[in-house]
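In what follows, a structure is listed as C-alpha cells, so that the remarks can point back to it.
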Amino acid sequence: MESQSVIICRCEEVDLKQLLETAERFSCSSRELKLRSRAGMGYCGGRTCRLLVDSIVQQLTDTQTSNEIPLKHQPPVRPVTFQNLGGGLS
Amino acid sequence: MTDVLIVGAGPAGLSAAISCAERGLQVQVIDEFMRPGGRLLGQLYQETDGSWWNGIEEAAKLQDKAASLGVVLKLGISVIDLNQSEDGWIVYTSTGILKAPALLLATGAAETACPIPGWTLPGVMSIGAAQVMTNVHRVRVGMRGVIVGINVLSMAIAHELELAGIKIAAMMLPAKNMINKDVGDPRKVMQSIVRLGHLAPSPLLRLGSGLMRYSSLQSLGLHLYPKRGFKVWGIPVQLRKAAVEIEGIEKVESVRVANISPEGDIVPSTSRSLPVDFVCMAGGLYPLAELAAVAGCPFRYVPELGGHVPLHNARMETPLAGLFVAGNITGIESAKIAAAQGSIAGLSIAAFHQVSGTEEDLLESIQNLRITREKASIQFHPQVADGRRRLESMFSENFS
C-alpha cells in the first residue's frame, strides 16, 4: 500500500493524499483544510486527527506551533442527542 | 447548593473533591465513564522498591474517602458545553444543566494517533484501549499482538498485557512518515526512554540511567542495537524495526515489519509479515483541554507538557475567575502528580470560597508537588519541570 493512502480522519475517511492535495492546491490554513476535506468534523469531534491535520498544515506552510490552538474547539464537544438539542435538557 | 463542580473523577478530580470537602465545601463530581478512577483503573505496575501499584485499589480508596466526606459523584455524564455567568459557571451536560461558582476541569489526556496504512482495521486499537479492556473490562484483546510505538506508557501497558497472559510478539516503532516524525525516529525514542533504564534487564538499556543520557552514546547504542531487540519483561523491544503496514482483509492478520536505520529510514528489501491478531498503537498522550478552550481560557504551547495546555499558575488557577485545572489537562505526568495537583486545586478552591486558614496548607502542598516531581523515577517528558516553570512565568507575566 502506498503510504499516502493512509487514512488520517477515521470518522470521515479522509486520507493523507486528499489532505496534501487540498492543502497544496488552496494554500490552506488548518481550519480551511478541515472545512474543505471534512477531516476533524466527524463523530469524535476531531479528538483523533486534529493534531495530525495541524501538523500537516504546519509542515506544508513551514510555520511554528503558536500558543493559539489552530483548530478551534466548539461546542458541543460531545455528540448530542436530538432530544437534548430539542430542549430535552432540563 | 454546590460550591464546586468537578469534571473528571480521576486521581486529580477525586483528590480535589476530598480536599474541598475536608474544608467544608459542597462538592459535586461528574465523569463520563461508568466507574470512578479515570486512568487509575488501568494501572498495575511494580514500583522501584518492589511494591505493586494497583490503580483499581487506589481509585477505590479515593472514592471511599470522597463518599465519606459527602462528595456527590455522578457517573456516565458528559459535558457538552459551558459558559460563565455573573453567578459562576453554567455547565451543560448530557443529562441536564449544572451550576456552581467554582469549576475544576480535571479531564485528563487523550491519545495521539500515529497512523500507518491499515491502522483502521478491526483488531487495531490504541494502547490505552487495550489497557482498559484488559484491566477494567477483563476482555482479552487477542492472542498475540504487536505494540507500535515505544514510550513510557506503552512499556508499562505491555507488561500489564503480559501479566494478563496476552502474548506481545514485539514492540516496534511506526514507520516514519510526515505525521509520525518523532514517534518514528529511533533517536528521539531512545532519548525519551533512556530514563526507563531501571526497568530494563539488559545492560545496554540499563546504562540509560547514567551514561546513555549523552547523545553520542545514544547514537552508538542505536548502531549496536541487536537485530532481535532487547527483551523487557520477555517482550522484544525493537528500536531498529518499524511497522510499515497493518495487513488483513476483514481484520488484522499480520503486520509488515522492516528494519530501519538509526535515522528511522526503512532498509530496502528487509520487510516481512509478522502474523498477529491484534495491534496496539501507542503515539503518546496529549492534554484533553477542549472544555478549557470552550470556556475561553487562554492557552500556551509547551511541548514538555504534551502540547497546548490551559494557562494556569502553581495554585492551579486559570486567568478566568472560578475556573481551575488539575491533572493531565495541565500536562502529561503520572497519576501521583495528578493527585497532588488535585489536592492543590482543592485548597485553591477553598481559598476562592474564602475558607480561612488555607493559605499555609496551599503553599506547603505546592512545595510538596515540586519535590515529588523532582524525585519521580519515571517522567513522560524528561524536561517536564522546565515546562512547568516556563508556564508559571508566562502566567505571572500576563495575569498578576
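In the text below, chain A, chain B and the rest are named by the order of the sequence lines, each starting its count at 1.
In terms of modelled atom types and a separation under 3.5 Å, the side chain of B:S94 and the main chain of B:S78 share a donor-acceptor contact. A donor-acceptor contact shorter than 3.5 Å links the side chain of B:E111 to the backbone of B:G128.
In this structure, the portion of A:Q59 lying under 4.5 Å from any heavy atom of chain B is its side chain and not its backbone. Heavy atoms of B:V79 lying under 4.5 Å from chain A belong exclusively to its backbone. Heavy atoms closer than 4.5 Å to chain A are found in the side chain of B:T112, but not in its backbone. Contact of B:L311 with chain A is not made at all, since no heavy-atom distance falls under 4.5 Å. Looking at B:E32, the atoms closer than 4.5 Å to chain A (heavy atoms on both sides) all sit in the side chain, from C-beta outward.
Scanning all heavy atoms of the two residues, the minimum distance from B:M125 to B:A129 falls at CB-CB, 4.2 Å. A pairwise comparison of heavy atoms in A:R47 and B:Y286 identifies O-OH, 2.7 Å as the closest pair.
In this structure, the separation between CD1 on A:I8 and CZ on A:R10 is 11.5 Å, given to the nearest 0.5 Å. Taking CZ from A:R25 and CZ from A:R36, the interatomic distance works out to 7.5 Å, rounded to the nearest 0.5 Å.
Between B:N180 and B:I116, the closest side-chain pair of non-hydrogen atoms falls below 4.5 Å.
B:R388 and B:T330 form a side-chain donor-acceptor contact under 3.5 Å, judged by distance and modelled atom types alone. Between A:S5 and A:D15, the side chains place no donor N or O within less than 3.5 Å of an acceptor N or O (distance only, hydrogens not considered).
Heavy-atom pairs under 4.5 Å with chain B peak, among A:L51, A:L20, A:T65, A:T48, at A:T65. For the set A:L16, A:L52, A:T81, A:I69, the count of heavy-atom pairs under 4.5 angstrom toward chain B peaks at A:I69.
When the heavy atoms of residues 289-299 of chain B are compared with those of chain A, the residues falling under 4.5 Å are B:E290, B:L291, B:A293, B:V294, B:F299, listed by number.
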